[in-house]
Amino acid sequence: ATSPVIKCKAAIAWEPKKPLSIEEVEVAPPKAHEVRIKIVATGICRTDEHVISGAMTTPFPILLGHEAAGVVESIGAGVTSVRPGDKVIPLFAPQCGECRSCRSSKGSLCIKNDLAAPCGLITDGTTRFTCRGKPVHHFLTTSTFTEYTVVDESAVVKIDAAAPLEKVCLISCGFSTGYGAAVRTAQVEPGSTCAVFGLGGVGLSTVMGCKAAGASRIIAVDINKDKFAKAKMLGATDFVNPQDYKKPVQEVLVEMTGGEGVDYSFEVIGHTETMMAALASCHMSCGTSVMVGVPPSASQITLDPMLLFTGRTWKGSVFGGWKSKESVPKLVADYMGNNINLDALITHTMPFDRINEGFDLLNQGKRLNSLFINLVCKYFPLNYPPNIEIGTYMQ
């Protein structure tokens, strides 16, 4: 029997620069090789805000959200990796297992991604969301600001049935992105010196990755000194507020490292100016700089080629360089084994219908030190049995 259409609450972005609108949406049943998920917890990420502000170009109307965890409600024909009742994490960086990137030991951005050139449609070129009679676009193959979503099987993975979804939802984006930038993309070595630009949730996760990799010095860079205490708690050793200096921050960092520059720098903001500063702050020959923050859609960088000619490495990192389906269950297991700290990254938990307040907190982050806002839509008992309709109760 085919699953019915589900009517539920979702937060729709009808146009840029406007608050999200809580609406009743119709979520179509999953087609072949698709999975319908009941979202239990979702975080607000800066990338969602980039769409609302217009910095990231996507089609509208759109159902945002990409950092989440939930439970499989139903599956389409041919789905083999999950079944109804499984706890899962949706993946904004899918892993089809067949494209060149998936087959390569170096690649991690699957061809099924909707990040490089967002079209807002699921794999067959259509959408599963309807609101007020109009089709609504998907976001980054996930769309999690809703009670139910539909994703391609390549964009969802089963996790430990005992995992607390309101915590491990951070593994679906923010934590993995920052932590992996250090341990996977840069492959920071023991004893090295690192600089992390931007101390939001992803930047703090980068600090944690540098520490886990054995860096001896981790320089935290942010224009809000209120963020330094948590960065210190998570492993940062030095702290730089660029506003305290008259000279460019790259010169400050080079001076702090005996005139040589850092071994590894990470730009975890998404501004072209700080991308250039991060590049210039690493060692001219053996330094590596990693772009972690999503660049604005229309931005360009003018570069002095000598910065690279001398031997620097400049890299991008999407989802921390992890192959998502392989790595997410392992990262969840690391959390369950107390090997990684997600709790420190959650500053607020609020009910779904206050989602716009969550964005306000994120945008006030310069003052409030707000990191991940974990929008817990609803809870279910840990022994949640398959095939029992929970209804659409909102906390």
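All values below were derived from every heavy atom in this structure, side-chain atoms included, with hydrogens, water molecules and symmetry-related copies excluded.
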(request) Decide, yes or no, whether a salt bridge links Asp160 with Lys87 under the criterion of side-chain N to carboxylate O below 4.0 Å. (result) no
(message) Quick check: is Phe266 connected to Ile340 through a chain of hydrophobic side chains (ILVMFWY, heavy atoms under 4.5 Å apart)?
(response) yes
(request) Decide yes or no on salt bridge (charged side-chain N to carboxylate O under 4.0 Å, His left out) for Arg36 and Glu73, but give the supporting numbers first. (result) CA-CA 6 Å; Arg36 189 159 61 182; Glu73 177 270 338; 2.6 Å; yes
(request) Classify the side-chain pair Ser285/Thr310 by whether it contains a donor and acceptor separated by less than 3.5 Å. (result) no
(request) Assess whether side-chain contact (heavy atoms from CB on, under 4.5 Å) is satisfied between Val88 and Ile37, documenting all intermediate values. (result) CA-CA 8 Å; Val88 292; Ile37 306 166; 3.9 Å; yes
(message) According to a hydrophobic-cluster definition based on side-chain heavy atoms being under 4.5 Å apart (Ile, Leu, Val, Met, Phe, Trp, Tyr only), do Val221 and Val254 belong together?
(response) no
(message) Starting from Ile159, can I reach Ile346 by hopping between I/L/V/M/F/W/Y residues whose side chains sit under 4.5 Å apart?
(response) yes
List, one per line, each side-chain donor-acceptor pair under 3.5 Å for residues 327-336, sequence neighbours excluded.
from, atom 1, to, atom 2, distance (Å)
Ser327, OG, Lys323, O, 2.9
Tyr335, OH, Asp343, OD1, 3.1

(request) Please check if any side-chain donor atom of Glu67 sits under 3.5 Å from a side-chain acceptor atom of Ser172, or the reverse. (result) no
(message) Is there a path of hydrophobic side-chain contacts, each under 4.5 Å between heavy atoms, that joins Leu199 and Val252?
(response) no
(request) Output the distance between atom CZ (Arg312) and atom OG (Ser265), rounded to the nearest 0.5 Å. (result) 9.0 Å
(request) Measure centre to centre between the rings of Phe60 and His137, then say whether the value is under 6.0 Å. (result) no
(request) Establish, from distance only, whether the side-chain atoms of Thr123 and Asp152 form a donor-acceptor pair under 3.5 Å. (result) yes
(message) Applying salt bridge (charged side-chain N to carboxylate O under 4.0 Å, His left out), can you list everything that pairs with Glu251, at least two apart in sequence or on another chain?
(response) none
(message) How long is the straight-line distance from CG of Leu63 back to CZ of Phe145, given to the nearest 0.5 Å?
(response) 9.0 Å
(request) From the options Thr42, Leu64, Asp48, select the one residue that forms a side-chain contact (heavy atoms from CB on, under 4.5 Å) with Thr144. (result) Thr42
(message) I'd like to know whether CD1 of Ile111 has more than 12 heavy-atom contacts from other residues, nucleotides or ligands below 6.0 angstrom.
(response) no
(message) Quick one: does any side-chain atom of Trp322 pair with a main-chain N or O of Ser176 as donor and acceptor, under 3.5 Å?
(response) yes
(message) Between Leu204 and Phe197, is there shared hydrophobic-cluster membership here, with clusters defined by ILVMFWY side-chain heavy atoms closer than 4.5 Å?
(response) no
(request) Take the angle between the ring planes of Phe129 and His138 and call it parallel below 30°, perpendicular above 60°, tilted in between. (result) tilted
(request) Decide whether Thr126 and Arg128 meet the rule of one side-chain donor and one side-chain acceptor closer than 3.5 Å. (result) yes
(request) Look at atom CE of Met256 and say whether more than 12 heavy atoms of other residues, nucleotides or ligands are closer to it than 6.0 Å. (result) yes
(request) Carefully, step by step, assess Glu49 and Arg46 under the rule salt bridge (charged side-chain N to carboxylate O under 4.0 Å, His left out). (result) CA-CA 5 Å; Glu49 195 277 328; Arg46 179 62 67 183; 3.3 Å; yes
(request) Please report the closest heavy-atom contact between Tyr264 and Gln187, naming both atoms and the distance. (result) OH-O, 3.6 Å
(request) For a salt bridge (Lys or Arg N to Asp or Glu O under 4.0 Å) with Arg132, tell me which candidate from Glu23, Glu26, Glu24 qualifies. (result) Glu23
(message) Determine whether Asp124 and Lys31 satisfy the following criterion, salt bridge (charged side-chain N to carboxylate O under 4.0 Å, His left out), listing intermediate values before the conclusion.
(response) CA-CA 9 Å; Asp124 70 349; Lys31 293 187 181 179; 3.2 Å; yes
(message) Main chain of Asp263, side chain of Thr193: is a donor-acceptor contact present, judged purely on distance under 3.5 Å?
(response) no
(message) For the CD atom of Glu255 and the OH atom of Tyr245, what is their distance to the nearest 0.5 Å?
(response) 9.0 Å
